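All ligand and atom numbering here is 1-based and tracks the order in the structure. Since this is a predicted model, take the numbers as computed values, not measurements.
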Amino acid sequence: MMIESCVITEKKPLLSVEKAQQKIQEVIFPLHENEIVPLKKALKRILDTNVFAQINLPIERNSAMDGYAFKSFDLSMNKATILKNIGVSWAGKPFNGELKTGECIRIFTGAVLPKNADSVVMQELIEIEGENIIFSAETKIKQNVREIGEDVKQGDLLFAAGKEITAVDLGLFAASGVFEVSVKRHLNIIFFSTGDELVSLKKPLQSGQIYDSNRYLLSGLLDDRKYNVIDGGVITDDKIILEKTLLEAAKKFDVIITTGGASVGEADYAKEVLAKCGDVNFWKIAMKPGKPLAFGKIENCYFFGLPGNPIAVAATFEVIVKPALDRLSGADFKPIWKIKAVCKTPLNKVIGRQDYQRGILSQDETGNLSVISAGKQGSNILSAMSKANCYIVLPADCADVQIDESVSVVLL
Ligand code: AMP
Ligand code: MG
């Protein structure tokens with residue numbers, strides 16, 4: 001993997017966000033191992049094979065209404081018709097007979113139609129006189145019948161491999177006779193924090209120490225049914241320990257994510273260790289927050305070395321790591337949708353990097369979207385990110401944003 005320059009800033013060439021995403025997509029290959037799971041375990045998993053309907057949906061002609069089923073042929077033109085009510089078809093308890101001329105039956109939603117009935121009228125539109133049902137002159141014919149296979153036909157392709165299974169898909173599978181599916185196996189992911197200053201929760205802080213927030217942030221970001229995730233703990237700023245830990249992890253996991261230690265200060269030793277362990281490149285991405293990022297492979301394991309600042313972790317995860325994990329999971333490519341909104345606060349922006357500023361998006365009564373800054377934009381400012389519900393994405397070549405300018409946002 002070679003570093004390519006896309007956006008030139010004062011000092012060094014940076015890799016554009018799009019180029020970084022593309023390079024990662026090119027070198028990651030989807031998992032090929034699969035497992036068969038029952039529907040209840042299939043939500044959010046990725047289909048490994050194409051799935052076809054096993055039966056017609058509906059499997060039989062049935063009523064879309066509570067009402068009366070009849071033969072259209074029996075209705076008189078332009079005047080009321082009386083038909084004799086000869087039985088009932090319930091959902092689950094069909095009427096086992098045929099209609100003779102001049103007959104109809106009571107029918108409920110989802111109940112099977114007699115073979116020769118071709119229409120249902122809503123119960124509100126008829127009148128009842130003993131066993132006679134009076135159909136008005138306005139009664140419409142050939143209505144309210146759900147035809148065999150009108151939703152899905154037996155043998156139809158329901159979904160192609162790569163589909164992430166949704167709740168509605170589970171319903172469709174069940175209805176069309178698919179009771180288990182082949183999905184990609186779980187992705188095995190381990191993450192670590194790096195830094196001598198990091199202290200586990202509940203311990204009192206000495207001067208210079210901070211609580212390790214990134215592992216909590218990452219455990220939230222990685223909470224996904226497609227992943228088996230292990231919190232690997234903190235690695236101190238120590239070459240030997242870092243090397244040993246990464247090499248061991250690479251044997252057992254598909255993906256290692258670390259935070260911290262990728263910036264200029266520590267890059268030298270991290271670079272040295274990662275060069276020794278595998279094929280890892282240090283990128284400077286034209287993205288703010290999140291400029292330094294290490295990406296590559298340690299043996300067969302993909303490695304993402306994210307920046308240390310929590311907001312940079314969140315942004316690089318969303319923009320770089322998530323699409324990469326999707327690809328590795330075998331999921332179809334999902335574009336990150338940008339929505340246009342009017343910016344109601346001025347934003348500071350230096351030309352050169354794509355900014356992911358934290359914003360609060362809202363909608364007025366007429367549906368117009370506007371966005372304001374969520375507060376301080378430092379890559380360490382968790383409180384503003386916590387208030388935010390979107391990123392305001394400002395392109396690399398954009399300068400300061402004035403009030404009422406249109407901007408792009410990505411929902412969080
Ligand atoms: P580094 O990339 O290691 O130089 O870290 C950049 C900044 O992020 C420093 O202020 C670190 O203290 C901070 N940082 C690194 N790791 C963590 C973490 N796990 N939790 C909170 N802050 C961190
Ligand atoms: Mg550090």
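- Using modelled atom types and a 3.5 Å distance limit, the side chains of Asp355 and Gln357 yield a donor-acceptor pair.
- Ion pairing between Lys297 and Asp279 fails under the 4.0 Å rule for side-chain N and carboxylate O.
- Looking only at atom types and distance, the side chain of Asp238 has no donor-acceptor partner in the side chain of Thr236 under 3.5 Å away.
- Between Lys349 and Asp400, no side-chain nitrogen of the basic residue sits less than 4.0 Å from a carboxylate oxygen of the acidic one, so the salt-bridge criterion is not met.
- Contact check for Asp156 versus Phe52: no side-chain heavy atoms found under the 4.5 Å cut-off.
- Considering backbone and side-chain atoms together, Arg215 places no N or O closer than 3.5 Å to any N or O of ligand 1.
- Each of the following atoms of ligand 1 lies closer than 4.0 Å to a heavy atom of Ser193: 19 (N).
- Of all atoms in ligand 1, numbered sequentially from 1 with element shown, those under 4.0 Å from a heavy atom of Glu197 are 11 (C), 12 (O), 15 (C).
- Annotation for ligand 1: atoms under 4.0 Å from non-hydrogen atoms of Gly261 are 1 (P), 2 (O), 3 (O).
- Close approach of ligand 1 to Asp212 is summarised as follows: ligand atoms under 4.0 Å from at least one heavy atom of the residue are 18 (C), 19 (N), 20 (N).
- Relative to the six-membered ring of Phe73, Lys71 misses at least one condition, a distance below 6.0 Å or an angle of at most 45° to the axis.
- For ligand 1, the atoms lying closer than 4.0 Å to a non-hydrogen atom of Gly260 are 2 (O), 3 (O).
- Looking only at atom types and distance, the side chain of Ser182 has a donor-acceptor partner in the side chain of Asn34 under 3.5 Å away.
- Contact annotation for Asn380 and ligand 1: no heavy atom of the residue comes within less than 4.0 Å of the ligand.
- Remark: among candidates Ser379, Gly308, Ala312, the nearest residue to atom 14 (N) of ligand 1 is Gly308, based on non-hydrogen atoms.
- Not one N or O of Pro307 is nearer than 3.5 Å to an N or O of ligand 1, by distance alone.
- When heavy-atom distances to ligand 1 are checked against a 4.0 Å cut-off, Ile210 comes that close only through its side chain, counted from C-beta outward.
- In this structure, Ser213 counts as a contact residue of ligand 1, since one of its heavy atoms falls inside 4.0 Å of the ligand.
- Two rings, from Phe173 and Phe179, have their centers 6.0 Å or more apart.
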